[in-house]
There are 2 protein chains.
Amino acid sequence: MEKQHYTRDDMAGLLRGHGINPTHQRIEIAYALFSRQEHLSADQIMAIVNDRHSETSKATVYNTLNLFKLHKLVREVIVDPSKVFYDPNTGPHHHFYNLQSGELIDIDARDVQIQGLPALPTGMVTEGVDVIIRIRPQHT
Amino acid sequence: MEKQHYTRDDMAGLLRGHGINPTHQRIEIAYALFSRQEHLSADQIMAIVNDRHSETSKATVYNTLNLFKLHKLVREVIVDPSKVFYDPNTGPHHHFYNLQSGELIDIDARDVQIQGLPALPTGMVTEGVDVIIRIRPQHT
DNA sequence: TGATTTGTTAGACAAAGTCCAAACATTGGC
DNA sequence: GCCAATGTTTGGACTTTGTCTAACAAATCA
């Protein structure tokens with residue numbers, strides 16, 4: 001487990017460490033993700049950030065998440081055709097995806113080996129490997 | 001490799017074999033997928049089916065693909081947040097996903113072993129395992 | 001035949017995400 | 001302090017994927 005209690009100041013440092021200018025909105029969005037360590041959709045992030053008084057526009061939420069993605073601060077998780085999840089865990093890991101509840105559970109990739117994969121097409125390079133195990137309650 | 005040259009009559013039989021009433025539209029949609037053995041989006045399927053004279057509505061394309069999915073005649077492949085691909089190969093397999101071209105390449109799952117996965121959460125059952133290897137041309 | 005079920009359709013609708021020009025900081029130079 | 005330059009945010013229009021609905025058509029069956 002990593003550090004558990006992040007402050008907004010930690011976020012500013014984190015952003016700077018990734019070459020991102022830490023504005024108020026960016027700090028709030030980062031804080032939403034990192035303080036919960038959960039997989040959130042853009043929608044959910046917007047709801048969290050604008051909980052009390054509306055502060056941050058839709059455009060900024062999307063801009064910021066794309067910026068974070070570009071700087072490898074968060075990762076996109078694509079498991080549901082209807083929405084993308086953003087994952088503050090950028091270490092190598094895979095996912096259980098609970099089809100009933102929509103919940104995502106991390107699987108540390110260091111424990112997992114995948115064998116017997118064919119060679120990559122020539123001239124190609126691996127950008128990332130996603131393993132998604134879709135699960136559901138027994139006896140549905 | 002499987003049988004290569006499907007006819008529309010083959011499609012009617014295939015549909016019946018899966019408990020689906022083979023209507024004209026359903027046969028055309030199945031034929032689009034199975035005769036090419038490619039991963040197609042709903043959009044692409046609609047374009048193929050309506051190539052000459054418009055025959056099939058958007059609603060029918062989506063209805064039909066969902067019906068096929070329900071009867072395990074095709075499989076959804078979720079790799080791109082912007083669209084779902086439909087895959088006529090329902091055998092166990094994984095995918096290379098070319099991030100640059102959007103192309104999907106099948107990987108036979110019989111050759112692949114995955115080790116070191118943690119136990120499923122209690123009361124849960126595996127519905128499917130997707131491995132997606134995102135690739136791109138070297139030296140971009 | 002009429003009644004019921006099954007399929008198809010156009011078009012309205014919804015939701016996720018992008019785009020853009022205008023407005024708004026924030027910074028550094030003077 | 002003022003000014004420009006740069007970077008950021010914003011609302012709203014827009015696009016795209018997909019769903020829904022109500023009407024219509026075709027087949028089934030009694």
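Every chain is numbered from 1 and lettered A, B, ... according to where its sequence line falls, protein lines coming before strand lines. Bear in mind that the values here come from a model prediction, so they are computed numbers and not experimental data.
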**Report entry** Rounded distance (nearest 0.5 Å) linking atom CE of Met11(A) with atom CG of Leu33(A)
**Finding:** 9.5 Å
Requested in this report: May I ask you to evaluate whether Thr23(B) reaches the phosphate of dT8(C), defined as a side-chain N or O under 4.0 Å from OP1 or OP2?
Outcome: yes
Query raised in the report: Whole Å only: how far is the CG atom of Leu15(A) from the P atom of dG7(D)?
Result: 17 Å
Report task. Mind checking Thr60(A) for me? I need base, sugar-phosphate or nothing, with any heavy atom below 4.0 Å counting as a touch. Result -> base
Query raised in the report: For DNA chain C, whose closest nucleotide is more 5', that of His24(B) or that of Asn66(A)?
Result: His24(B)
Query raised in the report: Closest to the Tyr62(B) side chain: dT9(C), dG18(D), dG12(D)?
Result: dG18(D)
Requested in this report: Report which part of the nucleic acid Asn21(B) touches: base, sugar-phosphate, or nothing (heavy-atom distance under 4.0 Å, all strands).
Outcome: sugar-phosphate
Query raised in the report: What is the distance, rounded to the nearest whole Å, between atom CD of Glu55(A) and atom C1' of dA25(C)?
Result: 16 Å
Query raised in the report: Do any side-chain nitrogens or oxygens of Gln25(A) fall under 4.0 Å of OP1 or OP2 in dA25(C)?
Result: no
Query raised in the report: Does Leu73(A) reach the side chain of Thr90(A), with side-chain heavy atoms less than 4.5 Å apart?
Result: no
**Report entry** Upstream residue (5' side of DNA chain D) when Ala59(B) and Lys83(B) are each assigned their closest nucleotide
**Finding:** Lys83(B)
Query raised in the report: Can we say Asp130(A) and Arg134(B) salt-bridge, meaning some charged N sits less than 4.0 Å from an Asp/Glu carboxylate O?
Result: yes
Query raised in the report: Checking all strands, does Ser41(A) fall into the base, sugar-phosphate, or nothing category for heavy-atom contacts under 4.0 angstrom?
Result: nothing
Query raised in the report: Less than 4.5 Å apart, any side-chain heavy atom of Ile107(A) and any of His93(A)?
Result: no
